[in-house]
Amino acid sequence: MLDSLFPFSAATGPITVRVSVSYLPEQSHPALGRWFWAYHIRIENHGALSAQLLNRHWQIRDGDGQVSEVEGEGVIGEQPLIQPGGAFHYVSGCPLTTPGGSMVGSYMMELGDGSQMLVAIPQFPLAAPATAP
């Protein structure tokens with residue numbers, strides 16, 4: 001069931017990151033060179049220790065091959081603590097100046113024993129639907 005809702009996933013140790021992405025035509029203006037997507041992230045903790053998301057790092061590639069890097073603390077203003085067997089969801093967005101591209105990244109997480117691990121965010125496409133001229 002989760003695979004159909006979140007078609008992109010990556011597991012790093014006990015942490016699984018799942019992603020779904022949607023093109024938002026109502027927030028896009030192709031004539032002005034703006035396309036916009038929302039992405040929904042689900043972070044699952046399958047381990048025996050709690051895991052806190054400390055930082056994020058994204059590589060965003062547009063259709064021309066230009067790469068932007070985004071780094072920062074937490075996600076959507078939070079540094080969620082995910083208990084064993086638990087999950088955390090959030091939704092964010094990405095604008096591009098081309099009708100396609102991709103995103104990939106990682107989270108730095110701290111486990112309940114004080115150790116830290118880099119958790120992979122799977123690569124996923126940003127693709128606007130084709131439109132007839």
Side-chain angles (χ1 to χ4, degrees):
M1 174 77 172
L2 282 176
D3 290 343
S4 63
L5 295 174
F6 296 92
F8 309 99
S9 67
T12 306
I15 308 296
T16 299
V17 178
R18 300 180 190 273
V19 182
S20 68
V21 62
S22 301
Y23 175 67
L24 299 181
E26 66 278 5
Q27 292 190 31
S28 298
H29 300 284
L32 301 176
R34 177 181 161 88
W35 290 265
F36 197 87
W37 292 264
Y39 56 91
H40 181 173
I41 304 275
R42 175 184 167 91
I43 306 167
E44 303 168 356
N45 181 356
H46 299 285
L49 300 172
S50 63
Q52 184 168 19
L53 192 158
L54 301 177
N55 299 302
R56 70 186 181 285
H57 176 249
W58 286 105
Q59 289 183 330
I60 304 165
R61 182 178 305 272
D62 72 14
D64 294 329
Q66 298 296 313
V67 176
S68 324
E69 306 246 355
V70 177
E71 296 188 55
E73 285 190 359
V75 290
I76 62 167
E78 297 182 47
Q79 290 182 311
L81 179 65
I82 308 167
Q83 296 298 331
F88 178 78
H89 293 259
Y90 73 95
V91 175
S92 192
C94 180
L96 288 181
T97 58
T98 62
S102 65
M103 292 179 67
V104 66
S106 60
Y107 298 122
M108 179 58 70
M109 302 194 79
E110 184 171 283
L111 301 180
D113 63 3
S115 65
Q116 292 188 352
M117 68 184 296
L118 196 61
V119 172
I121 303 170
Q123 182 170 321
F124 56 95
L126 303 172
T131 56

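Heads up: numbering here begins at 1 and tracks the sequence. The analysis underlying the following values was restricted to heavy atoms, covering all of them including side chains, and did not include hydrogens, waters or symmetry mates. Just so you know, these numbers come straight off a predicted model, no measurement behind them.
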Look at the side chain of [X] and the backbone N and O of [Y], then say whether any donor-acceptor pair between them is shorter than 3.5 Å.
{"X": "R34", "Y": "Q27", "value": "yes"}
{"X": "D113", "Y": "S115", "value": "yes"}
{"X": "S28", "Y": "F36", "value": "yes"}
{"X": "T12", "Y": "A120", "value": "yes"}

If I take atom [atom1] from residue [X] and atom [atom2] from residue [Y], how far apart are they, to the nearest 0.5 angstrom?
{"X": "M117", "Y": "L54", "atom1": "CE", "atom2": "CG", "result": "12.0 Å"}
{"X": "Y107", "Y": "Q79", "atom1": "OH", "atom2": "CD", "result": "13.0 Å"}
{"X": "I82", "Y": "H46", "atom1": "CD1", "atom2": "NE2", "result": "10.0 Å"}
{"X": "H57", "Y": "L118", "atom1": "NE2", "atom2": "CG", "result": "9.5 Å"}
{"X": "F88", "Y": "I15", "atom1": "CZ", "atom2": "CD1", "result": "13.0 Å"}
{"X": "I60", "Y": "L126", "atom1": "CD1", "atom2": "CG", "result": "8.0 Å"}

Should M103 and V21 count as side-chain neighbours, where that means a heavy-atom distance under 4.5 Å?
no

Is there a side-chain contact between V104 and I121 in this structure, where contact means two heavy atoms from C-beta onward sitting under 4.5 Å apart?
no

Please check if V119 and L111 belong to a single hydrophobic cluster, counting links between Ile, Leu, Val, Met, Phe, Trp and Tyr side chain heavy atoms closer than 4.5 Å.
yes

Between I76 and V70, is there a shared hydrophobic cluster once you connect ILVMFWY residues whose side-chain heavy atoms come closer than 4.5 Å?
yes

Minimal non-hydrogen separation, [X] against [Y], with atom names:
{"X": "P125", "Y": "F8", "answer": "CD-CZ, 3.4 Å"}
{"X": "P84", "Y": "A48", "answer": "CG-O, 3.4 Å"}
{"X": "P30", "Y": "Y23", "answer": "CG-OH, 4.2 Å"}
{"X": "V19", "Y": "P122", "answer": "CG2-CG, 3.8 Å"}
{"X": "L53", "Y": "G74", "answer": "CD2-CA, 3.7 Å"}
{"X": "W35", "Y": "T97", "answer": "CZ3-O, 3.1 Å"}

Could you work out, with salt bridge (Lys or Arg N to Asp or Glu O under 4.0 Å) as the rule, every residue matching E44, not counting sequence neighbours?
R18, R42

Which label fits F6 and H89: parallel for a plane angle under 30°, tilted from 30 to 60°, or perpendicular past 60°?
tilted

Count the heavy atoms belonging to other residues, nucleotides or ligands that lie under 6.0 Å from CD of E78, then report whether that count exceeds 12.
yes

Are W58 and Y39 an aromatic pair by the rule of ring centers under 6.0 Å?
yes

